[in-house]
Structures are given as C-alpha cells and as structure tokens.
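These figures come from a predicted structure and were not determined experimentally.
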Amino acid sequence: MAKTGFDQTSRFMAPGISAEKQMSAIQASLGLEKGDARLEAIRQQARDVSAGTGTSTEAVTRAQTELVRSGYDADGVLAATLPAVNLSLAGNVDATNATDIISNAQTAFNLANTDAERVADVLTRGFTSSHTSLTELGCCRGLCCANCQRRWREP
C-alpha cells in the first residue's frame, strides 16, 4: 500500500521536478544568478503561460530552454515564449518545434528576438490561409530562404 502511494506521489511530482531541472539549465545557459529577477520572471512566465493556455509547465519550460539554445537572451525568452506556445497550439505541434520554426525564421530574415510575436502571427496566417501545415510551411521557408540568400551572393 505504501509503495502505491509513493508511486502516485512520484508521478504527481515528476513534471514539477522536470520543469525545475529545465529552469536550472536555463539559469546556467543564460549565466543568471539564483535570485536574478529575470530568472524569476522566466519561471513565473512558465506558470502563467501554462495556466493561460492549458499547456503543461514542463512543455513551456522546454520551449524556453529551446529558445535559450537558439541564442535568445532573457528578454528574448520572455518575448518569444507565449508566441511560440500559441503557435504550437494553432499548428498542432510540440512547443519546442514551434520555437524552432520561429527561431529559424527570425535568423533567416535577421529579425530581433523581440519580433517573435510578429513572426508567429505571420506563420499562423501563412499556414491557415494556405493548404499547408505549420511544419510544411517551416520547411518551405527554410528552403526558400536558403535559395534567396544564395542568389543575393551570386554576381
């Protein structure tokens, strides 16, 4: 009986523990101190976005981690997290995939990290008004950008 209760408690607590591990990785990658206000803002944002969208806190922190891995600073993470999660919901993809698509688009077009909301809106409009999925649009955008950049370099 005690083992059953422990197993249930472990399963209940596992997402929170995983989210905290992700938050520690974010802290280390951004080089933030433990009590830094930006870290607390990112942590609070994960809870708020989770509550507002119905996405798990763990999924939100994974998206935040992916943003950090893509080179976003703390302010960029705060600006891009909600648009990435909303895009993932609209496109029916994992939040980390949506984050990757936004990041790639911003990089391809030399847009600031704070332009994530606009990028997400354009991507949403693009895949909802054409007969494509978000994933297909993300792949197509990558091919088009590579071709456009190559043409600009040719004499």
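The shortest side-chain heavy-atom distance between Leu30 and Arg38 does not fall under the 4.5 Å cut-off. When side chains are defined from C-beta on, Glu58 does not count as touching Gln22, because their heavy atoms never get closer than 4.5 Å. Put simply, the side chain of Met23 reaches to within 4.5 Å of the side chain of Ile42, judged on heavy atoms. Between Leu89 and Thr55, some side-chain heavy-atom pair lies under the 4.5 Å cut-off.
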Apply the test side chain to side chain contact (heavy atoms under 4.5 Å, CB included) to residues Arg125 and Asp121: give CA-CA distance (whole Å), side-chain angles for both, the deciding distance (0.1 Å), then the verdict. CA-CA 6 Å; Arg125 175 65 187 237; Asp121 289 345; over 6 Å; no
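Here CG of Asn97 is found 9.0 Å from OG of Ser88. Values are rounded to the nearest 0.5 Å. Atoms CG and CG, on Asp36 and Leu32 in that order, are 4.5 Å from each other to the nearest 0.5 Å. Between atom OG1 of residue Thr114 and atom CG of residue Leu78 there is a gap of 12.0 Å, rounded to the nearest 0.5 Å. Between the OG1 atom in Thr81 and the CG atom in Asp48 there is a gap of 11.5 Å [rounded to 0.5 Å]. The structure places OG1 of Thr124 at 7.0 Å from CG of Leu134, a figure rounded to the nearest 0.5 Å. To the nearest 0.5 Å, atoms CG (Leu39) and CD (Gln44) are separated by 12.0 Å.
For the pair Ser29 (side chain) and Ile26 (backbone), a donor-acceptor distance under 3.5 Å is absent.
Considering all non-hydrogen atoms of both residues, Ala80 and Tyr72 come closest at CB-CE2, 3.8 Å. Taking all atoms of both residues into account, the shortest heavy-atom contact from Val60 to Ser50 is CG2-N, 4.1 Å. Looking at every heavy atom in both residues, Asp73 comes nearest to Gly76 through OD1-N, 2.7 Å. Nearest heavy atom pair, residue Glu40 against residue Lys34, reads OE2-O, 3.8 Å. Closest heavy-atom contact between Ala116 and Ile102: CB-CG2, 4.1 Å. When every heavy atom of Ala120 is checked against every heavy atom of Leu87, the shortest pair comes out as O-CD1, 3.9 Å.
A chain of hydrophobic side-chain contacts below 4.5 Å, direct or via other Ile, Leu, Val, Met, Phe, Trp or Tyr residues, connects Leu67 to Val119. In this structure, Leu111 is a member of the same hydrophobic cluster as Val77, with clusters built from ILVMFWY side-chain heavy atoms closer than 4.5 Å.
Checked by atom type, the side-chain pair Thr96/Glu66 shows no donor-acceptor distance below 3.5 Å.
Residue Glu117 places its CD atom among 12 or fewer non-hydrogen atoms of other residues, nucleotides or ligands, all under 6.0 Å distant.
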